[in-house]
Structure formats: C-alpha cells, structure tokens
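Below, each value reflects all heavy atoms present in this structure, side chains not excepted, and no hydrogens, waters or symmetry copies.
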Protein chains: 2
Amino acid sequence: MLMSADTDVIRVLADPLRLRIITLLARETLCTTHLVAETGARQTNLSNHLRVLREAGLVETEPCGRFTYYRLRPETLEGLAGSLAGLAATARETAATDRRRAC
Amino acid sequence: MLMSADTDVIRVLADPLRLRIITLLARETLCTTHLVAETGARQTNLSNHLRVLREAGLVETEPCGRFTYYRLRPETLEGLAGSLAGLAATARETAATDRRRAC
DNA sequence: CGCTGACATCAGCATGCGCTGATACTATCG
DNA sequence: CGATAGTATCAGCGCATGCTGATGTCAGCG
C-alpha cells in the first residue's frame, strides 16, 4: 500500500518552504521570480528547492525565453494521497476488529 | 486546502523508520518489543520515534500491564491524505485551464 | 556587441535531528 | 523481597541538509 517511492516524496515535502512552493504552484503556474516575491526567500535558495522538487517528480519546468515556468504535477501528489488513504483504511479496519499481536 | 498542522505531520512521516512503524501498526496493534523484533532497531531508538509519533497524534498508546500497545490513529492520516488530494485536484484544474501568472 | 535580468551551480557554514549508551522507573514473577 | 523484563528519559555525538554568497550561463535589449 505504501511504496518505497513514497518515502522520497514525503521527505521532499517535509520542508516548510518546499510545501509553500507546492501550495503556490497548485493554484497557478509561476516562474522563479514570482516565487521569490511570494515567499521572500533568496533566489539561490528557491532554485535549490525547485531542483529537489523537480528531481522528485513533483514539478515540471517549461522554459519560456529567459524565464522558467514551474508547474505542479498532480500525479505524484495523487499517488501519495492514495497510499496514505490506503494506510488509514487499513488502520481503521485494524482498529474496528481490534487486530493485535499477543505479547 | 493545506493546513499548517499538516506540515508537522509530514515532517514526522519523513523518516524511513517512522514510516516503517506506521505501516506495521496499520496492519496490527503492536507493543515496543514486537517493533524491535520487526525493525531490528534498538529499543531506545524506537521509543524515541514512538514518542514523536505520539506527540504528532499519529499513534495512541494503550498500557497493558508492563507492556505498551501502540495503535495507529486513522484520522490524522486521513486528514493529510485529504489535504494532499485537494492540492492535487487544484493542480489538475490549474493545468487544465493553463492558469499562469505573466512575467 | 556590452549590459542587465532570470536562472542554475557550487562550496562552505551552521543548525537540526536521528542514533546510541547510560540510567531510571514500573510491573510481574519466583 | 530481589530479580528480571518492558519501557521511557536524557545527554552526547555525528551526519544530513537547508541557507548563503560567489560565480557562471543564457536570453533579450539598447
């Protein structure tokens, strides 16, 4: 239910600034300059985080002249959401039937 | 769509051993000894992680004599899964309508 | 062409945090 | 009552990683 790939995605999401970027990109596609203005972080810092997000498959880039648009890929987030929902469902079943291992 | 509380939950999940604990507890309620046997980690290490999981509201304890059973709480995981699914849905809408900010 | 602005890369620093060993506490058993 | 087993707490160490400043590259514009 929980793939090992999900571990990496969670690690990538587990940073306040990266999560902020994700929420901003969910609403509209932006380029680095916009993200600098929105978050107040340095351009270098944002560029590093965007690299991490890109390598994790969470965002994809669209070069546009000297600008670089960043778009949020829904598939990765959906996959993680599904895995977590599956875990929660299993836990609910475990709690309902009081499934436990004897000591 | 993404509450600030979700940030903390994600940070807590962003550790391989803690995620392992979560998947094990999803299937059956266990006590620390079982988790030591399953994961191969030291008891001290597990106890520290279980404390983090407890404080994040991801697991709850059930004392049973000198044992301590740990049960996975589905609500927290469900809330996070819902938030992530909402983000993914927003991103899908953004991609479909090509919503972007001009440079 | 030079210049500027958008963006990426790299090395260094500093903080966070996961792991460990030592220790203490409690419940059960002989 | 010891003795032991299950568990929690704490201080310390070491590594991972996020932030920064300097630098490089490329595109557009005068």
Side-chain angles (χ1 to χ4, degrees), chain A residues 4 6-25 28-72 100-103, chain B residues 4 6-25 28-72 100-103:
Chain A
S4 63
D6 291 327
T7 308
D8 302 325
V9 177
I10 296 178
R11 287 199 81 91
V12 168
L13 289 179
D15 178 86
L17 184 50
R18 282 201 287 262
L19 209 53
R20 184 90 208 290
I21 295 172
I22 292 290
T23 62
L24 288 170
L25 291 182
E28 48 178 350
T29 297
L30 301 170
C31 48
T32 313
T33 310
H34 298 139
L35 291 171
V36 170
E38 290 283 345
T39 64
R42 314 263 176 188
Q43 180 267 325
T44 301
N45 191 11
L46 276 176
S47 193
N48 284 330
H49 281 301
L50 288 169
R51 173 188 235 262
V52 174
L53 290 171
R54 195 184 332 131
E55 290 174 346
L58 278 165
V59 304
E60 61 187 2
T61 63
E62 180 190 339
C64 176
R66 52 179 172 170
F67 305 102
T68 306
Y69 275 103
Y70 280 88
R71 180 183 9 248
L72 184 58
R100 71 177 60 207
R101 189 183 304 184
C103 282
Chain B
S4 62
D6 292 326
T7 309
D8 302 325
V9 177
I10 296 177
R11 288 200 79 91
V12 168
L13 289 180
D15 179 87
L17 183 50
R18 281 201 288 264
L19 209 53
R20 186 89 208 290
I21 295 172
I22 292 290
T23 61
L24 288 170
L25 290 182
E28 49 179 350
T29 297
L30 301 170
C31 48
T32 314
T33 309
H34 298 139
L35 291 171
V36 170
E38 291 282 347
T39 64
R42 313 263 176 188
Q43 179 267 326
T44 302
N45 190 12
L46 276 176
S47 191
N48 284 330
H49 282 302
L50 288 169
R51 173 187 235 260
V52 174
L53 290 172
R54 193 184 333 130
E55 290 174 346
L58 278 165
V59 304
E60 60 188 3
T61 63
E62 180 190 339
C64 176
R66 52 180 171 170
F67 305 102
T68 305
Y69 275 104
Y70 279 88
R71 180 187 5 252
L72 185 59
R100 72 177 59 207
R101 190 182 301 184
C103 284

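- A:Thr68 comes within 4.0 angstrom of sugar-phosphate atoms only, judged by non-hydrogen atoms across all strands, and of no base.
- The side chain of B:His49 contributes an N or O atom lying less than 4.0 Å from OP1 or OP2 of C:dC19.
- Atom CG in B:Leu13 sits 11.0 Å away from atom CG in B:Asp8 (nearest 0.5 Å).
- Between A:Arg66 and A:Arg18, the one whose closest nucleotide on DNA chain D sits nearer the 5' end is A:Arg18.
- When side chains are defined from C-beta on, B:His49 does not count as touching B:Arg20, because their heavy atoms never get closer than 4.5 Å.
- Of the residues B:Val52, B:Leu46, B:Leu58, the one that meets the side-chain contact (heavy atoms from CB on, under 4.5 Å) test with B:Arg18 is B:Val52.
- Residue A:Asp15 has its side chain nearest to D:dG18 when only D:dG18, D:dA8, D:dC19 are considered.
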In B/S/- notation (B base, S sugar-phosphate only, - none; protein heavy atoms under 4.0 Å), nucleotides 10-16 of chain D written 5' to 3' is B------
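- Within 4.0 Å of B:Cys31, counting heavy atoms only, lie sugar-phosphate atoms of the nucleic acid but no base atom.
- Taking 4.0 angstrom as the limit, B:Tyr69 places none of its side-chain polar atoms (N or O) nearer than this to OP1 or OP2 of D:dG6.
- Each of A:Leu30, A:Thr29, A:Leu50, A:Leu24 was compared with A:Tyr70 under the side-chain contact (heavy atoms from CB on, under 4.5 Å) criterion, and only A:Leu50 meets it.
- Within residues 33-43 of chain B, the residues having any heavy atom closer than 4.0 Å to DNA chain D are, in order of number, B:Thr33, B:Gln43.
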